[in-house]
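Order of the sequence lines sets the chain letters (A, B, ...), proteins ahead of strands, with each chain counted from 1. Since we're looking at a predicted model, the values are computed, not measured. What's counted below: heavy atoms across the whole structure, side chains too, no hydrogens, waters or symmetry copies.
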Amino acid sequence: MTSKQFDIKTYTGFKGITLLCLVILYAPLVVVTIYSFNASQSLTNWEGVSLRWYADVFTGPESAKFKTAAKNSFIIAIIAATTATTIATLAATGMVRGGKFRFRTVSFGLISLPLMVPEIVLAVATLIFFNSIGFERGLLTILLAHIAFCIPFAYLPISARMQGIEDSYEQAALDLYATKRQAFTKILLPLMMPGIISGFLLAFIVSLDDFIITNFVKGAGVETLPTAIFGSVKQGIKPNIMAISTMLLSVSIVMVTISYFVSKSDNTK
Amino acid sequence: MAAGAASGGSATTDTYKEARTWLLLPAWVTLSILVLAPVIMMLIYSFLTKEFRGGVIWEFSLAAYDQFFFDRGLFGDDPPKIEWTYVTIFWRSIWQAGAATLLSLVIGFPTAYFIATRSENMRPVWVFLITIPYWVNLLIRTVSMKFLLRDQGPLNDFLMSIGLIDSPLHIVNTNFAVQLGLFYSYLPFMVLPIYAAVERYNFALSEAAADLYASKWTTLRRVLLPAIKPGVFAGCILVFVPSMGSFLAPDLLGGAKNFMIGSLIEEQFKGNAGNWPFGAAASMILLSMVLIILMFSARQQAKADKAGG
């Protein structure tokens, strides 16, 4: 910045701690990724590189369980993220482009409520709610719960982006006799796209990752990937779990990276 | 937070004022039905009578809260004594969450500071590096941590191979493992608010302090820290609150001796205990604690905003 005296800003040791921080954050993930390629039957010994545990995930004794769980997870994540993103985009438009109104703070509180209530409490509450209205637990209850807690994750990047867009573009369109609907769909939505995509991806990951709430509201026998993995891990960590974990963590990292570059790209426009 | 986010955007306009209700309606309806109503229903359930084998009988009862705080003997007719079992579990949760918060602060503060003092191009890259692991499935991260720390795991192998230790360190199934797991789960929540605060900090203040012969550490303590206190405070809250109610880290890394609130609640709905009103009551107590902390922090934040102008 303006200061040329870098020494005032630098503290010895801070760089070291930052690097330590990165090591702590990445070491477990790197180790699991490496060991997922281990040829050995045992977890401890390293016997060379192999894809046998990846093959095991797709063809082994537990493969049917994992395939169904993966299908459930992805279907739920796609529908939940799409619905939550739609709801969040509309809500952000109402909040950011809707002027001042009485229930503004209340609305914002409601939208961020799933972030404030501890996850386990939300899980208990949702289970009790479905139970009390006699709603049978299954895929649909998981989906509904996911839509609700995905909304704030989609909302935050979307509203942040919308606050950064001057309304002069829409005003210009309106001056040229565009209807409000046209100004919204033809001007605001395209400008919003980076925010919407990044909101969708975050909601997608959050849904794909959820364990606690899903574990409470899923019906007996219905599994998503995290609950299936948790069930297996309870009987001990096996190499095939590391293979499946590596695949799932790659999906998350790829999506976050896309989200990062999409939200960054709009600065150059 | 709400007011800050709302007033911060200069582009807050009223272009779609007429459609506002319809735009917000889907969010209101969804969140009222799927979040607000369930929390209210949970409050009601905590005052109902338990049905054996899960579920409730619709009869008003204070039994769940009574069981939490008082011990009335096996048949329920002894004079009430204070019940320490559950209070202890809550106390342990608070303690563990506090330790995890401290650990996050010790590592997270220098990291955030270091990132915020990089060049403007490099800062987003560093932030990105710190946040990536957060988006990896929490279950997978916790399992990975357990795999790394096991007695025969890669960490012990490594430490023994370089001759630092002779026999494996027993880390899994200790309090420390849980603290490490919680730290690992929520570290970005500590780094990001502190980073944001340091980034806004005017380093001319530090220069002024240096010109007046303050040492670097004095400058850090007396000038920088007071200025970025709200960020540090926010980071601590963001780590502490989810840590307190966490389930995976204590369950996978802690073992049976290191029971926390999350496991206690889970057991009421999944395990053999099967006492729904008690689980609802324990959840309500946890929720109240969290809301008190959040309200307190919102007041601190408002105070800091006022003081900062």
Check whether any side-chain heavy atom of A/F149 sits under 4.5 Å from a side-chain heavy atom of B/V35, and report yes or no.
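They are not in contact (no side-chain heavy atoms under 4.5 Å apart), so the answer is no.
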Would you say that A/F101 contacts B/K17 through its side chain, given a criterion of any heavy-atom pair below 4.5 Å between the two side chains?
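SC-SC contact between A/F101 and B/K17 ruled out.
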Does B/F158, at its CZ atom, have more than 12 non-hydrogen atoms belonging to other residues, nucleotides or ligands within less than 6.0 Å?
no
Considering only heavy atoms, which portion of [X] lies under 4.5 Å from any heavy atom of chain A: side chain, backbone, both, or neither?
| X | answer |
| --- | --- |
| B/Y16 | both |
| B/W126 | side chain |
| B/L149 | neither |
| B/F147 | both |
| B/I107 | both |
| B/L139 | side chain |
| B/A210 | side chain |
| B/P124 | both |
| B/L294 | side chain |

Any side-chain hydrogen bond (donor to acceptor under 3.5 Å, both in side chains) pairs touching residues 132-141 of chain B, not counting sequence neighbours?
none
Do you know which two heavy atoms are closest between [X] and [Y], and how far apart they sit?
| X | Y | value |
| --- | --- | --- |
| B/M41 | A/S132 | CE-OG, 3.4 Å |
| A/T10 | B/K216 | O-NZ, 2.6 Å |
| A/F230 | B/D251 | CZ-OD2, 3.4 Å |
| B/L24 | A/M95 | CD2-CG, 3.8 Å |
| A/A125 | B/P38 | O-CB, 3.4 Å |
| B/L31 | A/P114 | CD2-CG, 3.9 Å |

What part of A/L225 gets within 4.5 angstrom of chain B, counting heavy atoms only: side chain, backbone, both, or neither?
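It is neither, since no heavy atom gets under 4.5 Å.
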Side chain, backbone, both or neither: which part of A/A84 has a heavy atom under 4.5 Å from chain B?
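Neither the backbone nor the side chain of A/A84 comes within 4.5 Å of chain B.
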Can you tell me which of [options] forms the most heavy-atom pairs within a distance under 4.5 Å of chain A?
| options | value |
| --- | --- |
| B/V290, B/L291, B/T131, B/I40 | B/V290 |
| B/L25, B/T219, B/V106, B/L220 | B/L220 |
| B/L138, B/L248, B/L43, B/V39 | B/L248 |
| B/L36, B/I261, B/T117, B/L287 | B/L287 |

Sidechain-backbone polar pair: A/Y11 side chain, B/P110 backbone, donor-acceptor under 3.5 Å
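The answer is no, because no donor-acceptor pair under 3.5 Å joins these two groups.
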With rounding to the nearest 0.5 angstrom, report the [atom1] to [atom2] distance, [X] to [Y].
| X | Y | atom1 | atom2 | result |
| --- | --- | --- | --- | --- |
| A/Y260 | B/I132 | OH | CD1 | 9.5 Å |
| B/W22 | A/L90 | CH2 | CG | 12.5 Å |
| B/T15 | A/D167 | OG1 | CG | 4.5 Å |
| B/S32 | A/L110 | OG | CG | 5.0 Å |

Using a 3.5 Å cut-off and no angle test, enumerate the donor-acceptor pairs between side-chain atoms of residues 12-24 of chain A and protein atoms at least two apart in sequence or in another chain.
unit_1: A/T18; atom_1: OG1; unit_2: A/F14; atom_2: O; d: 2.8

Would you call the rings of B/F247 and A/F211 parallel, tilted or perpendicular, where under 30° means parallel and over 60° means perpendicular?
parallel
Given the options A/I147, A/L248, A/L127, A/L122, which has more heavy-atom pairs under 4.5 Å with chain B than any of the others?
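Looking at each of A/I147, A/L248, A/L127, A/L122 in turn, A/L127 comes out on top.
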